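Here's the structure, in C-alpha cells; my notes come after.
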Amino acid sequence: LCLLPASGFAKDVSKSMLRILDVEDPDVAQNTGVWIHNIMDSEQSLKREITTEGAGQKKALRLDYDVDSPNSAMAGFWVNLRNQDLRGFDTLHVNLKADAEQFPGNIAFQFTDADQHKAAYLVSRVPTEWKTFEVPLKNFKRIHNWAEIKEFEIIIDDINARPKEGILFINEIYVSKDH
C-alpha cells in the first residue's frame, strides 16, 4: 500500500494524486486481501497474486475469481486505507483488464468510511486491453465523510458477473483532484 504522491510526475501534479494500490510496493500483500461471501461453499473463490503482464513486463495484480455456484456467490478484493483522508480528491481511477474473454458484466468499486458506511459504484464491460475507469467520488453517495476512509474494495458477484469465472488484472488504483 502506498499512500504517497505518485512518483514520476511534475511537482505540482504529484500533489493532485494519491495511490491506493501500488503493485510495486513490497508491503502490498500485507495491506490487501480477498474474501468470499460463503467460505463453506467450495464453488466460489477468489485468489490474488502479483504477476507480470504484457510486453513491457509490467507488474499487475491478478484476481482469479469464480462466482459460478448454485448458492448466492460474491467475492471481493480489499485494500486497507487506514482511515486515509481523501478530502480534496474528486476522482477514482482504476486501471484494469479482463483475461482472454471480455468481461461484459458489472463489477463494483466500493469505499468504506470510519463509520462503516459503504458506497459502491458499478462499472461494466471490462475489455481485454488495459482501460482506466474514472469514477467521480461524488458517485459514492453513501460516503459523507471522506476524512477517514478505511477500505477500498472491488466486488464480483454471481448476479452481475459475466463470465462467472475468469481473471481480472489491475495495475493501478488512485484518486486524483482536478484543481
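What you see is a predicted model; the values in this text were computed from it and never measured. Hydrogens, waters and symmetry mates play no part in the numbers below; they use all other heavy atoms, side chains included.
- Arg125 CZ to Arg162 CZ: the interatomic distance, rounded to the nearest 0.5 Å, is 9.5 Å.
- We find the CD1-CD distance between Ile36 and Gln44 to be 5.0 Å, quoted to the nearest 0.5 Å.
- Side-chain contact between Arg62 and Asp64 is present, with heavy atoms from C-beta onward closer than 4.5 Å.
- Taking Ser176 as the reference, His93 meet the side chain to side chain donor-acceptor pair (under 3.5 Å) condition, with sequence neighbours excluded.
- Note: Phe169 CZ to Thr128 OG1 = 11.0 Å, rounded to the nearest 0.5 Å.
- In the displayed structure, Gln116 atom CD is contacted under 6.0 Å by more than 12 heavy atoms of other residues, nucleotides or ligands.
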Handout entry: Trace of the side chain to side chain contact (heavy atoms under 4.5 Å, CB included) decision for Ile107 with Val123
Key = CA-CA 6 Å; Ile107 60 173; Val123 296; 3.6 Å; yes
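- Distance check, rounded to the nearest 0.5 Å: CD of Glu49 to CD1 of Ile167 gives 8.5 Å.
- Connection of Tyr65 to Val94 is established within a shared hydrophobic cluster, with ILVMFWY side chains joined at heavy-atom distances below 4.5 Å, either directly or through further cluster members.
- Residues Trp130 and Ala60 share a closest heavy-atom pair of CH2-CB, 4.0 Å.
- At least one side-chain heavy atom of Leu61 sits under 4.5 Å from a side-chain heavy atom of Ile50.
- Note: Leu86 CG to Phe111 CZ = 6.0 Å, rounded to the nearest 0.5 Å.
- Note that CD1 of Ile20 and CD of Gln84 are 8.5 Å apart. Values are rounded to the nearest 0.5 Å.
- Two different hydrophobic clusters hold Trp78 and Val175 under the rule that ILVMFWY side chains link at heavy-atom gaps under 4.5 Å.
- A 4.5 Å side-chain heavy-atom check between Phe77 and Val34 finds at least one atom pair inside the cut-off.
- Looking at Asn83, its side chain never comes within 3.5 Å of a backbone N or O of Ala114 through a donor-acceptor pair.
- Cluster membership for Met74 and Leu168, using ILVMFWY side-chain heavy atoms within less than 4.5 angstrom, is not shared.
- The hydrophobic cluster containing Leu63 also contains Tyr121, counting ILVMFWY residues as joined when their side-chain heavy atoms lie under 4.5 angstrom apart, directly or transitively.
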Donor-acceptor pairs are to be reported for all side-chain atoms of residues 133-156 against protein atoms at under 3.5 Å, with residues two or more places apart or in another chain.
residue	atom	partner	partner atom	Å
Asn145	OD1	Ala147	N	2.9
Glu153	OE1	Gln110	NE2	2.8
Glu153	OE2	Trp35	NE1	2.7

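- With contacts defined as side-chain heavy-atom distances shorter than 4.5 Å, the pair Lys131/Glu129 does not qualify.
- Following chains of ILVMFWY side-chain contacts shorter than 4.5 Å, one can reach Val79 starting from Leu92, so the two form part of one hydrophobic cluster.
- Closest non-hydrogen pair, Ser124 versus Pro104, comes out as CB-O, 4.2 Å.
- The shortest non-hydrogen separation linking Ala98 to Val126 is N-CG1, 3.5 Å.
- Counting only heavy atoms from C-beta outward, the side chains of Asp157 and Val67 never approach each other to under 4.5 Å.
- When all heavy atoms of Lys59 and Asn171 are compared, the closest pair comes out as O-CB, 3.6 Å.
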